[in-house]
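See structure below.
Fair warning: this is a prediction, and the values are worked out from it, not measured in the lab.
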Amino acid sequence: MPIRAENRWLYPIDWPQLSQAIRFGRAAARCERCRRPHRRHVAHLGDGRWWDGAAQRWRDGDGRCVGLRGAAPLAAVRTTYVVLACAHLDHDPGNNRPANLAALCQRCHMLHDAAEHRWQRWWNGFRRRAIRDLFEDPRLTRRRLAVPVDMSIRRRVG
């Protein structure tokens with residue numbers, strides 16, 4: 001995954017070489033979780049199962065060989081282009097020990113970072129609401145938060 005410009009200073013100057021050593025030296029150009037090969041089109045069923053062309057077998061999301069009962073419906077088979085990225089397992093870009101780094105494909109990387117992405121989405125919304133509370137005209141806020149009163153209740157009351 002590309003590094004955001006504002007986070008680039010968190011990574012060491014030799015990050016490209018370190019990432020390459022993990023992805024191609026240690027992982028041998030395969031995802032360390034599901035074993036998908038780097039820069040290959042891979043057929044998959046969308047639920048983690050994918051076709052390993054080298055072994056001529058279906059594999060699950062953990063890279064284990066699995067058998068399919070019956071034939072896979074051809075309409076369910078899709079292809080994706082796999083690209084490996086070097087991921088920090090503890091989500092700390094300053095911790096560059098080899099034990100903390102893993103070569104992950106897009107699917108495994110997104111699954112690994114899912115909780116972090118949920119938190120980031122919550123934080124961005126919280127920040128937008130806080131800025132709006134600070135700088136929005138109070139009259140607009142009152143109008144936005146006003147609950148429309150049911151007309152039948154208004155007639156009975158008044």
- Task: Considering non-hydrogen atoms only, spot the tightest contact between N95 and N100 and give its length.
- Result: O-ND2, 2.7 Å
- Are L18 and W9 grouped together when hydrophobic residues (ILVMFWY) are joined by side-chain heavy atoms under 4.5 angstrom apart? yes
- Item | Check: R132 and R144 side chains under 4.5 Å, non-hydrogen atoms | yes
- Heavy-atom closest contact (R30 atom, A54 atom, distance): NH2-CB, 4.0 Å
- Query: Are V83 and I3 co-members of a hydrophobic cluster defined by side-chain heavy atoms under 4.5 Å apart?
  - Reply: no
- Message: To the closest 0.5 Å, what do you measure between CG (D52) and SG (C65)?
- Response: 7.0 Å
- May I ask whether F126 and W119 are part of the same hydrophobic cluster, defined by side-chain heavy atoms of I, L, V, M, F, W, Y residues being less than 4.5 angstrom apart, directly or through others? yes
- Task: Carefully, step by step, assess L89 and L101 under the rule side-chain contact (heavy atoms from CB on, under 4.5 Å).
- Result: CA-CA 6 Å; L89 297 178; L101 299 174; over 6 Å; no
- Would you check, one step at a time, whether the test side-chain contact (heavy atoms from CB on, under 4.5 Å) holds for H41 with V82? CA-CA 6 Å; H41 289 278; V82 178; over 6 Å; no
- Apply the ring-ring contact (aromatic ring centres under 6.0 Å, His included) test between H91 and each candidate in H117, H112, H109; give the one that qualifies. H112
- Message: Looking at R4, I want to see if its CZ is surrounded by more than 12 non-hydrogen atoms of other residues, nucleotides or ligands under 6.0 Å.
- Response: no
- With side-chain contact (heavy atoms from CB on, under 4.5 Å) as the test, would you mind laying out the steps for V42 and T79 before giving the verdict? CA-CA 5 Å; V42 172; T79 60; over 6 Å; no
- Can you measure from CG (D14) to CD (Q20) and round to the nearest 0.5 angstrom? 12.0 Å
- Message: Using every non-hydrogen atom in the two residues, find where F24 and A29 come nearest and quote the distance to one decimal.
- Response: CD2-CB, 3.8 Å
- Query: Around atom CD1 of I13, are there more than 12 heavy atoms of other residues, nucleotides or ligands at under 6.0 Å?
  - Reply: no
- Message: Tell me if a side-chain donor or acceptor on D113 pairs with a main-chain N or O of A115 at a distance below 3.5 Å.
- Response: no
- Under 3.5 Å, is there a donor-acceptor pair between the side chain of Q56 and the main chain of G53? yes
- Note on the structure: Only residue of R36, M110, R33 satisfying side chain to side chain contact (heavy atoms under 4.5 Å, CB included) with L104 is R33
- Task: Tell me, please, which residues at least two apart from R139 pass side chain to side chain contact (heavy atoms under 4.5 Å, CB included).
- Result: D137, R142, R143
- pair P98-R26: side-chain heavy atoms closer than 4.5 Å: yes
- Note on the structure: All heavy atoms of Y11 vs all of P93, minimum pair found to be CZ-CB, 3.6 Å
- Do the non-hydrogen side-chain atoms of L45 and W51 ever get within less than 4.5 Å of each other? no
- Note on the structure: So CZ of R97 and NE2 of H88: to nearest 0.5 Å the spacing works out to 10.5 Å
- Task: Can you see which heavy atom on C105 is nearest to which on C31, and at what distance?
- Result: N-SG, 3.4 Å
- Are any side-chain N or O atoms of D90 and backbone N or O atoms of D92, one a donor and one an acceptor, separated by less than 3.5 Å? yes
- Message: Whether the side chain of D60 engages the backbone of G63 through a donor-acceptor N/O pair (distance < 3.5 Å, no angle test) should be reported.
- Response: yes
- Are N96 and W15 close enough, and set up right, to give a side-chain contact (heavy atoms from CB on, under 4.5 Å), and what steps lead you there? CA-CA 9 Å; N96 293 307; W15 176 250; 3.5 Å; yes
- Message: Is it true that R127 and N124 share a donor-acceptor pair across their side chains at a distance under 3.5 Å?
- Response: yes
- Query: Within the side chain of H38, is there an N or O that forms a donor-acceptor pair under 3.5 Å with the backbone of L84?
  - Reply: yes
- Are any of the side-chain heavy atoms of R39 and Y81 separated by less than 4.5 Å? yes
- Item | For the student: nearest non-hydrogen atoms of G48 and R107, plus distance | CA-NH2, 3.4 Å
- Query: Under the ring pair (Phe, Tyr, Trp, His ring centres under 6.0 Å) test, which residues partner H44, sequence neighbours left out?
  - Reply: none
